[in-house]
Amino acid sequence: MRVGIFFEYKRRRNIVSSKSHKRRLGDYIPLNGPGRHAIDTLMILLGSFITAIAFNLFLVPSDIASGGVSGLSIIAKSLFNLEPAYTQWALNIPLFVAGYMMLGRYYALRSLLGTIVLPLFVFLTKDWLAPTTDLLLASLYGGIGVGLGLGLVFRGRGSTGGLSILAQIIQKYSGLSLSLCVVLMDGAVIALAGIVLSPEKALYALIGLYITGKFIDMIELGFNFTKVAYIIASKPDEISDAILHHLDRGLTKLSAQGGYTGDNRTVLMVVVGQSEVTRLKTLVQTLEPTAFVIITNAHEVLGEGFSRARIGK
């Protein structure tokens with residue numbers, strides 16, 4: 001086999017891969033039960049604390065109202081000199097009650113802890129000194145901090161309530177998509193900030209909101225960069241055997257048909273880590289230089305050799 005010059009041959013059949021023996025952090029975290037609930041609670045508390053710190057250190061001093069109830073509390077502070085924590089409690093409590101009545105008990109209970117503790121942490125850290133007054137730095141690091149915090153809250157299967165409750169209520173009764181409802185809510189807050197504060201600060205708020213969304217995705221989906229490769233070749237069996245035995249990865253064979261020729265073809269789908277992409281490409285090119293290979297990003301992969309599935313998220 002030509003690929004032998006690149007890889008040492010090893011048998012996979014009837015052998016448990018050494019990768020299956022590696023213990024991942026997820027293997028120590030229970031999927032449900034009291035232990036899982038305790039971890040969820042800790043993640044919600046830690047995430048709320050990080051969010052409050054980023055809010056007070058970066059967003060409040062620079063008047064960057066990047067959407068949500070927190071953005072409204074910054075606008076209220078600018079107009080009426082109200083403590084943001086008081087405004088957040090005043091808005092979150094009726095929104096929580098509305099969520100309980102219109103969205104159900106389960107959703108409301110998931111939001112209860114975050115709804116209470118986030119304004120509390122905002123109040124407790126309100127006197128912490130801001131490390132910068134630069135609007136760009138404040139929007140960037142404020143967005144990063146809030147994204148990290150909210151990502152942990154969501155990983156803990158919780159919520160901080162706020163306008164996300166209102167967005168879900170609107171989505172339920174209007175038929176609009178949830179993402180559109182959230183954009184409308186945050187957009188309205190930023191537009192109000194542009195009128196009350198300044199158009200420039202509203203533009204910085206958009207930057208902060210974008211960064212927040214990206215970091216929420218990063219925390220929720222994890223830091224493992226995984227790729228999915230689709231391989232169309234005339235020697236699918238030889239390539240699949242090499243992937244199984246030399247790359248030590250499983251694969252799936254998909255039945256396909258050529259759009260021009262109409263010929264039946266086998267498409268190999270294989271999921272690999274970022275560090276394995278070069279090895280996979282070298283393997284395929286060695287066996288069949290004319291093979292057609294498509295490599296795309298995978299946000300999250302659950303299963304043996306990758307992340308363990310999280311139940312009840």
Sequence neighbours excluded, which residues qualify as salt bridge (charged side-chain N to carboxylate O under 4.0 Å, His left out) partners of [X]?
X: D40; value: R36, R157
X: K253; value: D237
X: D217; value: none

Identify the heavy atoms of [X] and [Y] that sit nearest to each other, and give their distance.
X: L124; Y: W128; result: O-NE1, 4.1 Å
X: A167; Y: C181; result: O-CB, 3.5 Å
X: A233; Y: E288; result: CB-OE1, 3.2 Å
X: I169; Y: G99; result: CD1-N, 4.2 Å
X: P61; Y: F55; result: CD-O, 4.3 Å
X: P84; Y: V122; result: CB-CG1, 4.4 Å

Joint hydrophobic cluster, [X] plus [Y], side-chain heavy atoms closer than 4.5 Å:
X: Y210; Y: Y141; value: yes
X: L137; Y: L129; value: no
X: Y100; Y: W89; value: no
X: V189; Y: I170; value: yes
X: L152; Y: M218; value: yes

Do [X] and [Y] touch side chain to side chain, with heavy atoms closer than 4.5 Å?
X: I295; Y: K281; result: yes
X: F292; Y: I231; result: no
X: L251; Y: M269; result: no
X: K77; Y: L82; result: no
X: V270; Y: L280; result: yes
X: R279; Y: L247; result: yes
X: S70; Y: L59; result: no
X: M43; Y: V153; result: no

> Is it true that E276 and R249 make a salt bridge, defined as a side-chain N closer than 4.0 Å to a carboxylate O?
Replying inline: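 Looking at E276 and R249, the cut-off is met.
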Any side-chain to backbone donor/acceptor pair from [X] onto [Y]? Under 3.5 Å, distance only.
X: R265; Y: S255; answer: no
X: Q257; Y: G262; answer: yes
X: S139; Y: L136; answer: yes
X: T212; Y: G143; answer: yes
X: K172; Y: M102; answer: yes
X: H245; Y: D241; answer: yes
X: S78; Y: I75; answer: no
X: D186; Y: G68; answer: yes

> Are Q274 and T226 close enough that a side-chain donor and a side-chain acceptor fall under 3.5 Å?
Replying inline: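 Looking only at side-chain atoms, T226 and Q274 do not form any donor-acceptor pair under 3.5 Å.
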>> Hydrogens and angles aside, do N56 and T125 bring a side-chain donor and acceptor to less than 3.5 Å of each other?
In response: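 The criterion, which ignores hydrogens and geometry beyond distance, is satisfied for T125 and N56.
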Point-to-point distance, once rounded to the nearest 0.5 Å, from [atom1] of [X] to [atom2] of [Y]:
X: S48; Y: L113; atom1: OG; atom2: CG; answer: 6.5 Å
X: I165; Y: T115; atom1: CD1; atom2: OG1; answer: 5.0 Å
X: T160; Y: R110; atom1: OG1; atom2: CZ; answer: 12.0 Å
X: L192; Y: L79; atom1: CG; atom2: CG; answer: 7.5 Å
X: R155; Y: I219; atom1: CZ; atom2: CD1; answer: 8.0 Å
X: I239; Y: H246; atom1: CD1; atom2: NE2; answer: 12.5 Å

> In terms of heavy-atom contacts, does CZ of F96 have more than 12 from other residues, nucleotides or ligands at under 6.0 Å?
Replying inline: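 It does: F96 CZ has more than 12 such atoms within range.
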>> Within the supplied structure, the quantity of interest is the number of heavy atoms (other residues, nucleotides, ligands) at a distance under 6.0 Å from M101 CE; does it exceed 12?
In response: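 No, the 6.0 Å shell around CE holds no more than 12 heavy atoms from other groups.
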>> Could you go through T51 and I53, starting from their C-alpha distance and side-chain angles, then the distance that decides it, and tell me whether this counts as side-chain contact (heavy atoms from CB on, under 4.5 Å)?
In response: CA-CA 5 Å; T51 301; I53 292 175; over 6 Å; no
>> If the condition is side chain to side chain contact (heavy atoms under 4.5 Å, CB included), which residues does L91 pass it with, not counting sequence neighbours?
In response: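 Here the qualifying residues are V69, L72, T87.
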>> V267: which residues meet the side chain to side chain contact (heavy atoms under 4.5 Å, CB included) condition with it, sequence neighbours left out?
In response: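 Per chain and number, V267 pairs via side chain to side chain contact (heavy atoms under 4.5 Å, CB included) with Y230, I232, L254, A256.
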With [X], which residues qualify under side-chain hydrogen bond (donor to acceptor under 3.5 Å, both in side chains), at least two apart?
X: T290; value: none
X: T132; value: none
X: S177; value: S179

> What residues form a ring pair (Phe, Tyr, Trp, His ring centres under 6.0 Å) with F49, not counting sequence neighbours?
Replying inline: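 By the ring pair (Phe, Tyr, Trp, His ring centres under 6.0 Å) rule, F49 matches F121.
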>> F123: which residues meet the ring pair (Phe, Tyr, Trp, His ring centres under 6.0 Å) condition with it, sequence neighbours left out?
In response: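 Once residues adjacent in sequence are excluded, the partners of F123 under the ring pair (Phe, Tyr, Trp, His ring centres under 6.0 Å) criterion are Y86.
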>> Taking transitive links into account, so neighbours of neighbours count too, which hydrophobic residues share a cluster with V183 at under 4.5 Å side-chain distance?
In response: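 Besides V183, the hydrophobic cluster comprises nothing; the residue is isolated.
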>> Apply the hydrophobic cluster definition, ILVMFWY joined by side-chain contacts under 4.5 Å directly or through others, and give me every member besides L209.
In response: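 In the cluster with L209 are I190, L203, L206.
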> Would I74 and I64 satisfy side-chain contact (heavy atoms from CB on, under 4.5 Å), going step by step from the backbone distance to the final call?
Replying inline: CA-CA 7 Å; I74 291 175; I64 298 175; 5.6 Å; no
> Name the one of L118, V117, I50 that satisfies side-chain contact (heavy atoms from CB on, under 4.5 Å) with L45?
Replying inline: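 Among the candidates, only V117 passes.
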